[in-house]
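Remarks on the structure that follows.
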Amino acid sequence: MTTPDKGKTPDHLAETRRTLPIALLRAREAVMERFRPLLAAHEISEQQWRVMRVLQETGESDATQLSRLANVLAPSLTRMLRTLEARGFTTLKKDPGDARRALISLTDAGRGFIRALAPESAAIYAGIEARLGRERIDHILDELDFMLRELASEP
């Protein structure tokens with residue numbers, strides 16, 4: 001009987017702790033657990049916050065682009081937009097050039113909401129940066145950008 005390679009299971013799969021999908025999920029959870037109390041205190045989900053932040057950065061957007069940039073499935077985005085609109089944070093209007101398309105944008109209340117949470121969000125991020133170091137975070141982000149570019153270029 002042979003022994004498995006170090007870090008491999010008997011069926012020659014990598015140990016889950018050393019697989020990219022699991023490592024990325026664990027890293028995401030480690031980061032997000034620091035932000036969740038802030039979001040919960042303001043009754044906004046992680047996904048809604050991402051949508052609002054993307055709109056803050058991109059300005060008016062259609063649902064397809066917003067869904068892609070915020071990493072939210074289209075059906076979830078539709079439900080989220082109803083909630084954000086009910087809270088007065090976003091507005092939807094028909095695209096004058098294509099009546100089938102809706103354009104989504106932040107309202108003044110939505111921008112104000114982001115501004116209100118920004119100092120605490122920045123403080124949480126600064127705490128992460130203090131533990132990891134700016135240089136290491138930049139390196140991780142650069143490596144993730146590289147990975148995304150490379151995997152997107154595959155057929």
Can you list everything that forms a side chain to side chain contact (heavy atoms under 4.5 Å, CB included) with Arg134? Sequence neighbours excluded, please. Tyr125, Glu129, Ile137, Asp138, Leu141
Is any side-chain heavy atom of Arg68 less than 4.5 Å from a side-chain heavy atom of Gln65? yes
Tell me, do Leu106 and Ile114 make a side-chain contact under 4.5 Å, heavy atoms counted? yes
Would Arg87 and Ile44 count as a side chain to side chain contact (heavy atoms under 4.5 Å, CB included) here? Give the steps. CA-CA 10 Å; Arg87 288 184 73 177; Ile44 191 156; 4.1 Å; yes
Taking all non-hydrogen atoms of both residues, which atom of [X] and which atom of [Y] are closest, and how far apart?
X	Y	value
Gln47	Val72	CB-CG2, 4.3 Å
Leu55	Ser61	CD2-CB, 4.0 Å
Met52	Gly110	CE-O, 3.5 Å

Using the side chain to side chain contact (heavy atoms under 4.5 Å, CB included) rule, take Phe35 and Ile128 through it: C-alpha gap first, then chi angles, then the decisive distance, then the call. CA-CA 11 Å; Phe35 288 94; Ile128 295 168; 3.8 Å; yes
With distance as the sole test, does Ser121 use its side chain to make a donor-acceptor pair with the main-chain N or O of Ala118 at under 3.5 Å? no
Examine distances only and state if a side-chain atom of Arg131 and a backbone atom of Gly127 form a donor-acceptor pair shorter than 3.5 Å. no
What about [X] and [Y], same hydrophobic cluster or not, with Ile/Leu/Val/Met/Phe/Trp/Tyr joined at side-chain heavy-atom distances under 4.5 Å?
X	Y	result
Leu103	Leu69	no
Val51	Leu92	yes
Leu144	Ile22	no
Leu25	Leu73	no

Can you tell me if Arg53 and Gln56 form a side-chain donor-acceptor pair at under 3.5 Å?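 The answer is yes; a qualifying pair exists.
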CZ (Arg136) with more than 12 external heavy atoms under 6.0 Å: no
Test: side-chain hydrogen bond (donor to acceptor under 3.5 Å, both in side chains). Region: residues 70-83. Which pairs qualify, not counting sequence neighbours? Ser76-Arg79
From [atom1] ([X]) to [atom2] ([Y]), nearest 0.5 Å:
X	Y	atom1	atom2	value
His139	Leu132	NE2	CG	12.5 Å
Glu85	Thr91	CD	OG1	5.5 Å
Glu33	Glu29	CD	CD	7.5 Å
Leu148	Glu143	CG	CD	11.5 Å
Ser67	Met80	OG	CE	8.5 Å
Trp49	Phe89	CH2	CZ	9.5 Å

As a quick check of understanding, evaluate side chain to side chain contact (heavy atoms under 4.5 Å, CB included) for Leu84 and Ile104, giving each step before the final call. CA-CA 11 Å; Leu84 292 172; Ile104 304 114; over 6 Å; no
